[in-house]
There are 2 protein chains.
Amino acid sequence: MGITPPRSRYQQVAEHLRRAITAGEYRPGQALPSESQLAQQFGLNRTTINKAIRQLVAEGLVVVEHGRGSYVREQRPVIHISADYVTRGADGWPTWTSELAREGLSGSQRIREVSVIDPPTEIAGRLGLEDGEQVVVRRRLLLIEDEPVQLADSYYPARIAADTELARRAKMRGGENGALERLGIQLGFVDEEVSARMPTPDEAGLLKIPQGTPVLRHVRVTYDRDGRPVAVMAAVMAADRFTMRYRLPTSTGGGEQE
Amino acid sequence: MGITPPRSRYQQVAEHLRRAITAGEYRPGQALPSESQLAQQFGLNRTTINKAIRQLVAEGLVVVEHGRGSYVREQRPVIHISADYVTRGADGWPTWTSELAREGLSGSQRIREVSVIDPPTEIAGRLGLEDGEQVVVRRRLLLIEDEPVQLADSYYPARIAADTELARRAKMRGGENGALERLGIQLGFVDEEVSARMPTPDEAGLLKIPQGTPVLRHVRVTYDRDGRPVAVMAAVMAADRFTMRYRLPTSTGGGEQE
DNA sequence: GAGTGGTCTAGACCACGCC
DNA sequence: GCGTGGTCTAGACCACTCA
């Protein structure tokens, strides 16, 4: 038993298992030995083994299922979100459903809430609202193959969205961009921000996020041709299922124009 | 003591503290009561309290300092990485240093390794390499105010980069894009991917990532005018310090052309 | 040296999955 | 009912910080 405390015992156990997992001795989906077995094998208390397993869970390598065992975490298929949704196709604006259909997946959405509220300060700031101005909020849950995978909240200044289809609890043809255009708004550009953090307990529950998995936060501000913000979308998704993709032109000004 | 087990006691303690923190009863940087104090206050064992604290650490709300105490985590200033580095300015290509200077920060880099290697399969794939083709790799550590904040590894097909400045251990004027242009390569576009995961222990150490903080992974593939990949950059950074930013034009084809 | 968190043990009971 | 992980306790010793 090479288990002695230069580093703590549970860390050594974790390292041992981590090595075995990355070396492929335990394959994804496969069960690790039970905690009691490991305790016996290493001559340690089960509490110590449990702590080692917890460590691996936090690293996203292992999931534990109560009453069943601990398993090497399986990779879930990754969805690539391309920024194409800002590019209008021949048949209109891409939507969640249409984009996923291209990958052979069935996307759907559930509208959780549509209402007029006082905006969170972050949103008010991004929309450049005056004090006291309200917003229409549309809270949606996006699903793939009927599994909830993304929370997406959109905000529109009440000034332009109240009493329009944006404020009604129904899907909108061509999505947000379609609706905005029908209001006579000429779209200019979008600013996107991508960041990551750990999920709140709420998010973890709603999106069934495995332990040790962060979320990607995706915020998009849509501007009209005059550079006025007209919409903010703030989405949260499990980071083990999504990747954001952007294609950008490289302006080699120096190579040609200059 | 409203501590009874509908949910586990440690979770109730965690919830209690979480609520107090988000309500501002404990401010960022402020110490929580010691574990012994909390144990006494709730009539629980210290082990149980410790588990509650661990929970909050995993959520990124709290940091613990051995021998000192547990503290509400302070927000670190967020650096926004704009995708402007693909747009050449009047004075050449933006670099890490020049971009940060615009925000009034001093950026520097340390070149950790420059060598010719067999590429990881992911890189080989993205570069479209033949079997057995090698790459030049430049591993850099990027710093802000002399603090390591980002690991950035760049890969170039040895076919085009061997025996060039890309393969030498020195900084390159105008960064990667500058060097590629000097090789006569006409840049076309880049594909970027942003994802997130938990750090490996190595990364956590090198980047001094606080417990409970994920990393953002940023992969950029640079293509020439003919759509051939000429470079891959793969970076990892603490997600509590960085946000990726993109500005994209909204092509309202329907509004005008159709 | 006092106080704090880090770890560990031995033992216990509970909750869940499954046969 | 058996085996699994989930939680909890009482008590102990260690390692670190700071006065």
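Quick caveat, the model's predicted, so the values are computed rather than measured. Convention: sequence-line order gives letters A, B, ...; per-chain numbering from 1.
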Using salt bridge (charged side-chain N to carboxylate O under 4.0 Å, His left out) as the criterion, list what pairs up with B:Glu15, not counting sequence neighbours.
B:Arg7, B:Arg19
Contacts of A:Arg168 that satisfy side-chain hydrogen bond (donor to acceptor under 3.5 Å, both in side chains) - sequence neighbours left out
none
B:Tyr71 atom OH is separated from D:dT17 atom P, nearest whole Å, by 11 Å
Determine: side-chain N/O of A:Gln11 to OP1/OP2 of C:dT7, distance under 4.0 Å, yes or no.
yes
Between A:Gln40 (CD) and C:dG11 (P), how many Å, whole number?
14 Å
Name all residues meeting the salt bridge (charged side-chain N to carboxylate O under 4.0 Å, His left out) criterion together with A:Glu193; count only those two or more places apart in sequence or in a different chain, and write none if there are none.
A:Arg126, B:Arg245
Ranking D:dT7, C:dT7, D:dT9 by distance to the side chain of B:Asn45, first place goes to D:dT9
For residues 28-39 of chain B, tabulate all N or O donor-acceptor pairs below 3.5 Å that involve a side-chain atom, not counting sequence neighbours.
unit_1	atom_1	unit_2	atom_2	d
B:Gln30	OE1	B:Arg27	N	2.9
B:Ser34	OG	B:Gln37	N	3.2
B:Glu35	OE1	B:Arg46	NH1	2.9
B:Glu35	OE1	B:Asn50	ND2	3.4
B:Glu35	OE2	B:Asn50	ND2	3.0

N/O contacts under 3.5 Å, protein versus nucleotides 3-5 of chain D?
unit_1	atom_1	unit_2	atom_2	d
D:dG3	N2	A:Gly67	O	2.8
D:dG5	OP1	A:Glu35	N	3.3
D:dG5	OP2	A:Glu35	N	2.8
D:dG5	N2	A:His66	NE2	3.2
D:dG5	N3	A:His66	NE2	3.3

Could you state the CD-P distance from A:Gln12 to C:dG6, rounded to the nearest angstrom?
18 Å
Rounding to a whole Å, what distance do you find between B:Leu38:CG and D:dC8:P?
15 Å
A:Arg217 bridged to A:Glu122 by N-O distance under 4.0 Å:
yes
Test side chain to side chain contact (heavy atoms under 4.5 Å, CB included) applied to A:Gln75 - qualifying residues, sequence neighbours left out:
none
For the pair made of CD1 in A:Ile49 and P in C:dC8, what is the distance, rounded to whole Å?
10 Å
Starting from P on C:dC8, measure out to NZ on B:Lys51 and report it in whole angstrom.
15 Å
